[in-house]
Number of protein chains: 2
Amino acid sequence: MKTPPRGESKRGPRPRQLVTLRDIAREAGVSASTVSRIINGTVKVSDERKASVEAAIAKHDFRPHAAARGLALGRTFTIGVLSQAIDSPFYAEGLRGVERRLLAAGYAALFMSGNWNVADEQRCMRKFIDHGVDGIIMFSGCLPNAAIKDFAKRCPIVVTGRHLPAPQTYSLPIKDRLGATLAMRHLIGLGHRRIAFIAGSENHPDALERLAGYREALQEAHIAFEPRLVAQGDWQESGGLIATTQLLESGRTFTAAFCVNDQTAHGAYLALFRAGLKVPDDVSVVGFDDLPSSSYSLPPLTSVRQSVRVLGERAAEAILALVCGRRPRVEPPPVELVVRDSTRRL
Amino acid sequence: MKTPPRGESKRGPRPRQLVTLRDIAREAGVSASTVSRIINGTVKVSDERKASVEAAIAKHDFRPHAAARGLALGRTFTIGVLSQAIDSPFYAEGLRGVERRLLAAGYAALFMSGNWNVADEQRCMRKFIDHGVDGIIMFSGCLPNAAIKDFAKRCPIVVTGRHLPAPQTYSLPIKDRLGATLAMRHLIGLGHRRIAFIAGSENHPDALERLAGYREALQEAHIAFEPRLVAQGDWQESGGLIATTQLLESGRTFTAAFCVNDQTAHGAYLALFRAGLKVPDDVSVVGFDDLPSSSYSLPPLTSVRQSVRVLGERAAEAILALVCGRRPRVEPPPVELVVRDSTRRL
DNA sequence: ATGAGTTCTGCAACCGGTTTCACAAGACTG
DNA sequence: CAGTCTTGTGAAACCGGTTGCAGAACTCAT
């Protein structure tokens with residue numbers, strides 16, 4: 001008598017599911033457990049009941065309540081995906097790959113952008129945890145490894161663009177250095193010796209690795225490294241434009257430019273265009289990432305390709321494996337040079 | 001005696017939350033209700049208890065279980081966002097806008113791609129419902145209005161690019177026709193009379209509206225509409241390339257081309273480039289959408305701008321209003337022409 | 001016909017927060 | 001100083017699926 005029998009008290013303003021599993025059970029004249037078993041196919045149920053339950057489900061277009069199921073199952077079938085900016089063509093392609101694989105496996109993706117800064121990334125990661133994702137995919141961010149390991153205690157994490165051995169974690173490194181040497185060997189093979197490098201943002205690991213590849217290839221060909229042929233960009237078109245413009249205005253001469261990524265190359269294109277220089281007649285240009293738009297730039301851009309889409313697909317496969325307690329067995333996609341019309345023999 | 005007292009039976013392999021609200025309650029020497037009230041700030045709690053509870057929360061870095069809370073609250077703080085392709089530069093910008101506003105309001109976004117086909121869109125919508133989203137934002141898809149109204153019975157929907165008055169629904173139309181006439185008046189004002197139109201995919205409502213605007217502007221200037229100056233594209237670079245190439249090869253002459261969107265214009269650029277024609281010296285080109293990359297094309301592209309990013313932000317505001325039971329009060333962003341270097345006086 | 005071995009099925013106990021309600025204790029009235 | 005009005009708090013009933021366990025029903029040998 002301490003509490004009145006439930007049902008008497010007035011309902012709060014809380015939204016409720018129209019039709020519940022128990023409603024279906026009542027209508028079909030079976031127990032709730034049976035309905036659940038039919039929906040999930042966990043154990044065999046007599047054809048007769050199955051039919052009547054399925055009829056009731058169809059009649060009301062019943063869909064199990066996601067949160068309730070998530071609570072009971074302990075999983076939400078949701079994966080958090082952290083990129084730096086959802087509207088960056090580079091990450092967008094990766095997200096696309098992730099989306100495809102996850103969807104096929106019945107998972108949905110929660111996308112958030114880290115905006116190239118630690119605080120935002122941290123915030124996104126907490127949000128993911130708070131939303132109860134089953135796993136997280138990180139596209140190479142700037143979060144320190146220690147922080148990642150810490151998050152990995154709460155849910156499995158796949159990270160691209162770095163090597164991070166830790167429990168509940170899997171990494172898919174990007175072959176920056178190899179890609180950069182491919183690009184450089186191509187230019188050097190065409191007879192270029194004064195090759196500018198339009199760099200990415202300072203201290204960014206991928207940017208540094210690509211610079212290292214640039215230097216490695218120079219050394220390999222016995223060409224002296226000239227620091228003044230390296231200009232600082234920011235991975236974006238604007239950075240490539242400014243860096244290349246400054247390089248040109250400073251009077252430095254070069255016959256080719258290797259850009260840290262395609263967006264930078266597009267900026268460089270505009271700088272050269274404004275200076276009245278033609279690609280590839282006056283300057284050869286090579287990019288990195290092979291964005292879809294690069295085959296439509298004028299002229300179509302020669303670029304290093306390590307398919308980000310495939311990288312995304314592999315990352316998705318890896319996280320699905322981790323979520324299911326299996327050890328992932330996937331490799332980062334291969335690196336190759338796609339030669340188009342922006343490079344020519346000197 | 002029918003069932004053994006709980007706790008005896010062995011635990012299943014089901015994953016469990018490390019620390020629950022009741023653990024915190026026990027540790028702080030209060031009841032679960034009190035902890036919940038402190039976390040949500042729903043009612044005042046004595047400072048003393050508050051402190052000890054907060055200490056316990058901090059000690060274990062406790063985070064409430066999302067599914068449990070979602071079940072009790074009846075909301076998941078998740079919004080489904082349907083676009084056609086997450087890696088399309090057009091939609092990506094919209095998604096970015098959505099993401100910003102939602103994040104600020106404590107919501108997360110579930111993104112899915114409809115791939116320009118009804119079946120996939122339908123599938124995505126069902127997935128959203130199954131995941132228990134609190135609302136859905138649709139970027140102009142091909143789902144029939146009736147289907148949308150049907151989904152709107154289950155959760156509020158904001159749709160861009162169409163006009164759809166229905167309960168639990170809000171629409172943000174895109175001013176296709178107005179934008180198209182702006183572009184055309186600009187070209188006509190520069191003295192162009194033979195203006196090609198590189199269209200979008202057949203039957204697409206936005207494509208048709210833009211075509212209508214093209215015709216309207218011609219009529220306004222007393223220029224006869226010539227069907228053979230209209231070529232069918234597909235909203236993508238490839239379609240623009242093919243359509244423009246065919247137009248050129250068929251010997252049709254034109255001094256300007258209005259493209260249904262910027263991606264199509266980029267394809268047209270390449271076709272003109274290959275044909276040895278220069279923009280804008282030989283042909284003036286105008287696009288639609290003003291993608292970020294269009295200011296870096298060669299030459300920078302004149303385009304109609306109705307900020308998709310802002311459209312996304314407004315859509316997010318609208319869905320938040322609907323979710324909270326308020327009537328949205330937002331307008332689609334304004335349309336304007338951004339003149340760059342791809343058009344010139346005849 | 002009887003006992004053992006299979007299926008199926010339902011009850012009730014979870015999953016982990018939120019919230020109603022009752023009640024105790026303290027703050028005000030008159 | 002009794003009587004009403006706050007306040008703060010905990011017990012227990014939700015939210016809506018899932019699942020371990022026990023027992024019913026139905027097989028098949030013996």
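Throughout, a chain's letter reflects where its sequence line sits, starting with A, and its residues are numbered from 1. Because the structure is a prediction, the values reported are computed rather than measured. Computation of the quantities below employed the complete heavy-atom set of this structure, encompassing side-chain atoms and omitting hydrogens, waters and symmetry-equivalent molecules.
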Residues [X] and [Y] bridged, charged N to O under 4.0 Å:
| X | Y | answer |
| --- | --- | --- |
| A:E317 | A:R101 | yes |
| A:D130 | A:K127 | no |
| B:D47 | B:K50 | no |
| B:E331 | B:R314 | no |

Could you check how far [atom1] of [X] sits from [atom2] of [N], rounded to whole Å?
| X | N | atom1 | atom2 | value |
| --- | --- | --- | --- | --- |
| B:N40 | C:dT18 | CG | C1' | 8 Å |
| B:I24 | C:dG17 | CD1 | P | 9 Å |
| A:L21 | D:dC15 | CG | P | 13 Å |
| B:I57 | C:dG17 | CD1 | P | 10 Å |
| A:H65 | D:dT18 | NE2 | P | 12 Å |
| B:D130 | D:dG17 | CG | P | 12 Å |
| B:R75 | D:dG16 | CZ | P | 15 Å |
| B:R63 | C:dG17 | CZ | P | 12 Å |

N or O in side chain of A:T20 less than 4.0 angstrom from D:dG16 OP1/OP2: no
Distance below 4.0 Å between B:R22 side-chain N/O and C:dG17 OP1 or OP2: no
Salt bridge (charged side-chain N to carboxylate O under 4.0 Å, His left out) against A:R309, all qualifying residues, sequence neighbours excluded: B:D87
Salt bridge (charged side-chain N to carboxylate O under 4.0 Å, His left out) involving A:E121 - partner list, sequence neighbours excluded: none
Backbone N/O of B:I86 and side chain of B:S113: donor-acceptor pair under 3.5 Å: yes
Detail all sub-3.5 Å separations between protein N/O atoms and N/O atoms belonging to nucleotides 5-9 of chain D.
unit_1, atom_1, unit_2, atom_2, d
D:dT9, OP1, B:S46, OG, 2.8
D:dT9, OP1, B:R49, NE, 2.5
D:dT9, OP2, B:S46, N, 2.9
D:dT9, O3', B:R49, NH1, 3.2

Nearest-nucleotide comparison on DNA chain C, the residue closer to the 5′ end among B:A68 and B:S33: B:A68
